K.L.:
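Before we start, here is the structure in question, set down as structure tokens.
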Amino acid sequence: MPGGERTGRRAAIPGRHLRTDRWWLAPAGTAAGLLAFVVYSTWRAFADAHYYAAPYVSPFYSPCLAERCRTMHAGPNADLFGSWWAISPAIIILIFPLGFRLTCYYYRKAYYRGFWASPPACAVAEPHKKYTGETRFPLILQNVHRYFFYAALLVAGVLTYDTVLAFRDQHYRWGHMGLGTLVFLVNIALIWAYTLSCHSCRHIVGGKLKHFSEHPVRYKAWVFISRLNARHMLLAWASLVSVALADFYVYLVASGAFADPRFF
């Protein structure tokens, strides 16, 4: 209704709300965190440099689908885009994980509240006069989330491959492990946990089943996914931080600012 709680159908309230706590901290913190990631990822995506230091490749540039990518020994080079692709190869692949996160149910709530104040917080009226939800352009495009989920699975698979390759040294010999390997292991674990905790994944695994007893395997998978789903917000933030840290670690090593410690 236009005017939020200031309508003739409800008791007159002098203020816009009755909350006395610092309700604005949560949306402000969310907006600051998301904005920081947007700024960082934009810089790194367009930098087109320092994204590979054998055996590590930045998750922002993997798989590297442009012909102009740096050659990575046994790495995720596909060369699907020819010499005509002149800008950073990260722009090609980042569309899919970012599309998955932008249409994610949790992230929708986060940036709707943080950036659009729709609504700014529980029991606080939003400043907009009209509310159309996700029924009109461009927000109706949020419905493509399930398709971005499939793309996110493929990207997670490639990042898993990159993590396996991280068990080599700078000369591509197997059986070695560095600090970067641990960074990649933590990152891929969080990436998979966030991806599988997705609401679309939960629906794919257990949706449209009338009798769980007739599908014991899918039921067990649904229970597992449901437990992850309960921590979807935490996993969303943890994986966002971990993927940025993994990229930043590769940047430090590739730029020569930091030498990767080797454990064995």
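All figures in this text were calculated on a predicted structure; none of them were measured in a lab.
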K.L.:
Measuring only between side-chain heavy atoms, which start at C-beta, is His232 closer than 4.5 Å to Tyr105?
P.N.:
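Heavy-atom side-chain distance check fails, nothing below 4.5 Å.
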K.L.:
Tell me yes or no: between the side chains of Ser226 and Arg202, is some donor less than 3.5 Å from an acceptor?
P.N.:
yes
K.L.:
Got a sec, which pairs hit salt bridge (Lys or Arg N to Asp or Glu O under 4.0 Å) with one end in residues 144-155, sequence neighbours left out?
P.N.:
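For residues 144-155: none.
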K.L.:
Linking Ile, Leu, Val, Met, Phe, Trp and Tyr through side-chain heavy atoms less than 4.5 Å apart, which residues share a cluster with Val241?
P.N.:
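Noted: Val241 shares its cluster with Leu245.
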K.L.:
Which side chain to side chain donor-acceptor pair (under 3.5 Å) pairs, counting each pair once, include a residue from residues 64-79, with sequence neighbours left out?
P.N.:
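Applying side chain to side chain donor-acceptor pair (under 3.5 Å) to every pair that reaches into residues 64-79, excluding sequence neighbours, yields Asp48-Arg68.
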K.L.:
With rounding to the nearest 0.5 angstrom, report the CG to CG distance, Leu34 to Leu240.
P.N.:
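If we round to the nearest 0.5 Å, Leu34:CG and Leu240:CG are 7.0 Å apart.
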K.L.:
Can you find a heavy atom in the side chain of Pro76 that is under 4.5 Å from one in the side chain of Asp162?
P.N.:
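Heavy-atom side-chain distance check passes, below 4.5 Å.
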K.L.:
For Cys69, give me all partners under disulfide bond (SG atoms under 2.5 Å apart), at least two apart in sequence or on another chain.
P.N.:
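Disulfide bond (SG atoms under 2.5 Å apart) list for Cys69, sorted by chain: Cys64.
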K.L.:
Please list, chain by chain and in numerical order, all residues satisfying salt bridge (charged side-chain N to carboxylate O under 4.0 Å, His left out) with Asp169, sequence neighbours excluded.
P.N.:
Arg173
K.L.:
If you measure from CG on Leu154 to CG on Leu159, what distance do you get to the nearest 0.5 Å?
P.N.:
11.0 Å
K.L.:
Between Glu134 and Tyr112, is any side-chain donor less than 3.5 angstrom from a side-chain acceptor?
P.N.:
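There is such a pair between these side chains.
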K.L.:
Within the side chain of Ser62, is there an N or O that forms a donor-acceptor pair under 3.5 Å with the backbone of Pro59?
P.N.:
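Judged by distance alone, no pair lies under 3.5 Å.
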K.L.:
Under a single-linkage definition using a 4.5 Å side-chain heavy-atom cutoff for Ile, Leu, Val, Met, Phe, Trp and Tyr, are Leu35 and Leu25 assigned to the same hydrophobic cluster?
P.N.:
no
K.L.:
How long is the span from the CG atom in Leu153 to the CG atom in Leu196, to the nearest 0.5 Å?
P.N.:
7.0 Å
K.L.:
Output all residues satisfying side chain to side chain donor-acceptor pair (under 3.5 Å) with Thr103, sequence neighbours left out; order by chain, then residue number.
P.N.:
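Thr103 satisfies side chain to side chain donor-acceptor pair (under 3.5 Å) with His145 once adjacent residues are dropped.
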K.L.:
Applying salt bridge (Lys or Arg N to Asp or Glu O under 4.0 Å) as the test, list every pair that has at least one member in residues 248-264; sequence neighbours left out.
P.N.:
Asp260-Arg262
K.L.:
Hey, can you pull the donor-acceptor pairs under 3.5 Å for the side chains in residues 88-101, sequence neighbours left out?
P.N.:
residue: Ser88; atom: OG; partner: Ala45; partner atom: O; Å: 2.4
residue: Ser88; atom: OG; partner: Tyr61; partner atom: OH; Å: 3.4
residue: Ser88; atom: OG; partner: Ala90; partner atom: N; Å: 3.2
residue: Arg101; atom: NH1; partner: Tyr107; partner atom: OH; Å: 2.8
residue: Arg101; atom: NH1; partner: Ala236; partner atom: O; Å: 3.3
residue: Arg101; atom: NH1; partner: Ser239; partner atom: OG; Å: 3.3
residue: Arg101; atom: NH2; partner: Ser239; partner atom: OG; Å: 2.9

K.L.:
How long is the straight-line distance from SG of Cys198 back to NE2 of His203, given to the nearest 0.5 Å?
P.N.:
11.0 Å
K.L.:
Determine whether Tyr172 and Leu165 make a side-chain contact, defined as any pair of heavy atoms from C-beta on separated by less than 4.5 Å.
P.N.:
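Answer no - side chains too far apart.
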K.L.:
Going by the side chain to side chain donor-acceptor pair (under 3.5 Å) test, which pairs reach into residues 31-43, not counting sequence neighbours?
P.N.:
Tyr40-Asp247
K.L.:
Is the shortest heavy-atom distance from the side chain of Val144 to the side chain of Phe148 under 4.5 Å?
P.N.:
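When only atoms from C-beta onward are counted, Phe148 and Val144 do touch, with a gap below 4.5 Å.
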K.L.:
Just list the side-chain donor-acceptor pairs under 3.5 Å for residues 206-225, sequence neighbours left out, or say none.
P.N.:
residue: Arg218; atom: NE; partner: Val205; partner atom: O; Å: 2.8
residue: Arg218; atom: NH2; partner: Ile204; partner atom: O; Å: 3.2
residue: Arg218; atom: NH2; partner: Val205; partner atom: O; Å: 3.0

K.L.:
List for me each residue that meets side chain to side chain donor-acceptor pair (under 3.5 Å) alongside His176, sequence neighbours excluded, and say none if there are none.
P.N.:
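Testing His176 for side chain to side chain donor-acceptor pair (under 3.5 Å), a comparison that skips the adjacent residues, returns none.
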K.L.:
Within a reach of under 6.0 Å around CE of Met233, are more than 12 heavy atoms found that belong to other residues, nucleotides or ligands?
P.N.:
no
K.L.:
For the residue pair Thr135 and Ile140, establish whether any side-chain heavy-atom pair is separated by less than 4.5 Å.
P.N.:
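Sidechains of Ile140 and Thr135: no contact.
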K.L.:
For residues 250-259, dump all side-chain donor-acceptor pairs below 3.5 Å to protein atoms at least two apart in sequence or in another chain.
P.N.:
residue: Ser255; atom: OG; partner: Tyr251; partner atom: O; Å: 2.7
residue: Ser255; atom: OG; partner: Leu252; partner atom: O; Å: 3.2

